[in-house]
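I have placed the structure first, in the form of structure tokens, so that the comments after it can refer back to it.
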Amino acid sequence: MNLWSDFLNNDKRIIHKWKHYFPIYERHFKGFVYKPVTFVEIGCGLGGSLQMWKRYFGPYARIVGIDVNPDCKAFEEDQIEVRIGNQSDENFLQSLIDEFGTPDIVLDDGSHMMSHVNTMFRFLYPRIAKNGVYLVEDLHTAYWNEYEGGLRKPSTFVEQCKSLVDELNADHTRNALLPTDFTRTTLSVHFYDSVVVFERGAHTKKWAPRIGVAPEPKERSLLDRLVDRVKKHPEAGS
């Protein structure tokens with residue numbers, strides 16, 4: 001049973017999710033199923049999503065829910081633990097790492113206040129697993145004033161992510177932007193409606209080798225023209 005089917009057939013605690021999120025979850029989380037994954041969800045809601053993640057990831061998963069509401073402690077059960085604290089409190093975030101170790105996946109479905117989202121990402125993203133996934137959802141709130149948002153407002157997480165695209169590609173900016181820790185530890189950034197997903201990882205040597213069998217003589221004139229074009233514009237080579 002996939003996550004969407006699990007959601008539609010849920011008869012336990014209430015789950016509240018946008019339906020287009022489910023293919024995103026499966027695309028980025030499927031590699032962790034039946035693994036000893038530490039999954040941290042910020043924002044417990046009514047407790048149903050914690051149970052859903054437990055079912056999805058399987059019997060080796062450790063599901064950690066974070067919320068500011070002390071009543072959420074009632075959602076604890078086998079494989080599910082809940083801690084009460086503010087997602088923008090770095091001391092609290094460090095206490096989670098001290099207790100549970102390095103998270104493999106972080107899903108931010110917390111307050112959606114832009115200052116909270118930014119603070120948590122800056123602190124927690126560098127501290128998740130080297131092949132981990134960090135997902136922020138409900139980013140339509142980045143355009144809403146009541147969440148410190150606004151279209152093209154520099155302090156929103158969406159605008160921060162646009163800058164991170166440049167950091168991801170810093171190696172190719174001809175020293176206009178020096179590589180950062182984010183550059184060196186991030187494989188990809190994925191943008192969806194209301195969701196951004198970061199996949200951590202490290203590249204080996206970045207280069208574009210030319211591989212194949214040498215052409216017959218009659219084909220060389222065409223090939224020479226193509227090679228000359230690539231030499232003039234090496235960034236476009238593939």
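By the 4.5 Å heavy-atom criterion applied to side chains, D6 and Y56 are not counted as neighbours. Contact check for E81 versus I63: no side-chain heavy atoms found under the 4.5 Å cut-off. Looking at K19 and W4, their side chains come closer than 4.5 Å, going by heavy atoms from C-beta outward. Looking only at side-chain heavy atoms (C-beta outward), Y192 and L139 stay at 4.5 Å or farther from each other. When side chains are defined from C-beta on, M114 does not count as touching K153, because their heavy atoms never get closer than 4.5 Å. Using a 4.5 Å cut-off on side-chain heavy atoms (C-beta onward), V195 and D138 make no contact. In this structure the side chain of V64 reaches within 4.5 angstrom of the side chain of I66, judged on heavy atoms. Side-chain contact between L168 and T183: absent, with no pair of heavy atoms (C-beta onward) separated by less than 4.5 Å.
Classification of R152 and E159 as a salt-bridged pair fails, no side-chain N sitting under 4.0 Å from a carboxylate O. Salt-bridge check for E76 with R83: passed, with a basic side-chain N closer than 4.0 Å to an acidic carboxylate O. Electrostatic pairing of D104 and K35 does not count as a salt bridge here, judged by no charged N lying under 4.0 Å from a carboxylate O. Ion pairing between E41 and K17 holds under the 4.0 Å rule for side-chain N and carboxylate O.
The two residues V165 and N169 make their nearest non-hydrogen contact at O-ND2, 2.9 Å. Shown here for A129 and T102, the closest heavy-atom pair between the two residues is N-CG2, 3.2 Å. In plain terms, the two heavy atoms of F75 and I80 that are nearest each other are O-CG2, 3.7 Å. D67 approaches C44 most closely through the heavy-atom pair OD2-N, 2.8 Å. Residues V196 and C161 come closest through the heavy atom pair CG1-SG, 4.0 Å. Counting all heavy atoms, side chain and backbone alike, F92 lies closest to N86 at CD2-O, 3.4 Å.
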S115 vs E148, side chain to side chain donor-acceptor pair (under 3.5 Å): CA-CA, chis, key distance, verdict: CA-CA 7 Å; S115 58; E148 305 172 337; 2.9 Å; yes

Pair K162-E167, salt bridge (Lys or Arg N to Asp or Glu O under 4.0 Å): steps then yes or no: CA-CA 9 Å; K162 293 177 184 178; E167 285 192 42; over 6 Å; no

Could you walk me through whether S194 and E137 pass the side chain to side chain donor-acceptor pair (under 3.5 Å) test, one step at a time? CA-CA 6 Å; S194 302; E137 65 185 37; over 6 Å; no

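Side chain to side chain, S5 and N2 meet the donor-acceptor criterion of an N or O pair below 3.5 Å.
Here CG of N131 is found 9.0 Å from CG of L187. Values are rounded to the nearest 0.5 Å.
No more than 12 heavy atoms of other residues, nucleotides or ligands shown are found within 6.0 angstrom of CG on N175. By the 6.0 Å contact criterion, NZ on K73 is enclosed, its count of non-hydrogen atoms from other residues, nucleotides or ligands being greater than 12. Under a cut-off of 6.0 angstrom, the local environment of NZ in K206 is crowded, with over 12 non-hydrogen atoms contributed by other residues, nucleotides or ligands. Atom CZ of F191 sits in a crowded spot, with more than 12 heavy atoms from other residues, nucleotides or ligands closer than 6.0 Å. Annotation for K12: atom NZ does not count as buried by contact number, only 12 or fewer foreign heavy atoms lying within 6.0 Å.
Taken together through direct or relayed side-chain contacts under 4.5 Å among Ile, Leu, Val, Met, Phe, Trp and Tyr, V136 and V189 form part of one hydrophobic cluster. Using a 4.5 Å cut-off between side-chain heavy atoms of Ile, Leu, Val, Met, Phe, Trp and Tyr, with links allowed through other members, V133 and V106 fall into different hydrophobic clusters. Both F157 and Y143 are part of a single hydrophobic cluster, where members link through side-chain heavy atoms under 4.5 Å apart.
Under the 30°/60° scheme for interplanar angles, the aromatic rings of W53 and F39 are found to be tilted. Using a 30° and 60° split on the angle between ring planes, Y125 and Y134 fall in the perpendicular class, above 60°.
No donor-acceptor pair closer than 3.5 Å links the side chain of E90 to the backbone N or O of F123. Within the 3.5 Å criterion, the main-chain N or O of S188 finds no donor-acceptor partner in the side chain of T186. Judged purely by atom type and a 3.5 angstrom limit, T173 uses its side chain to pair as donor or acceptor with the backbone of A170. Side-chain atoms of H20 come within 3.5 Å of backbone N or O of D193 as a donor-acceptor pair. In this structure, Q160 contributes its side chain and P154 its backbone to a donor-acceptor pair below 3.5 Å.
Side-chain rings of Y34 and F57 stay apart, their centers remaining 6.0 Å or farther from each other. Note: W18 and H140 meet the aromatic proximity criterion, with ring centroids under 6.0 Å apart.
Of the candidates Y21, F22, Y25, F22 is the only one forming a ring pair (Phe, Tyr, Trp, His ring centres under 6.0 Å) with F7.
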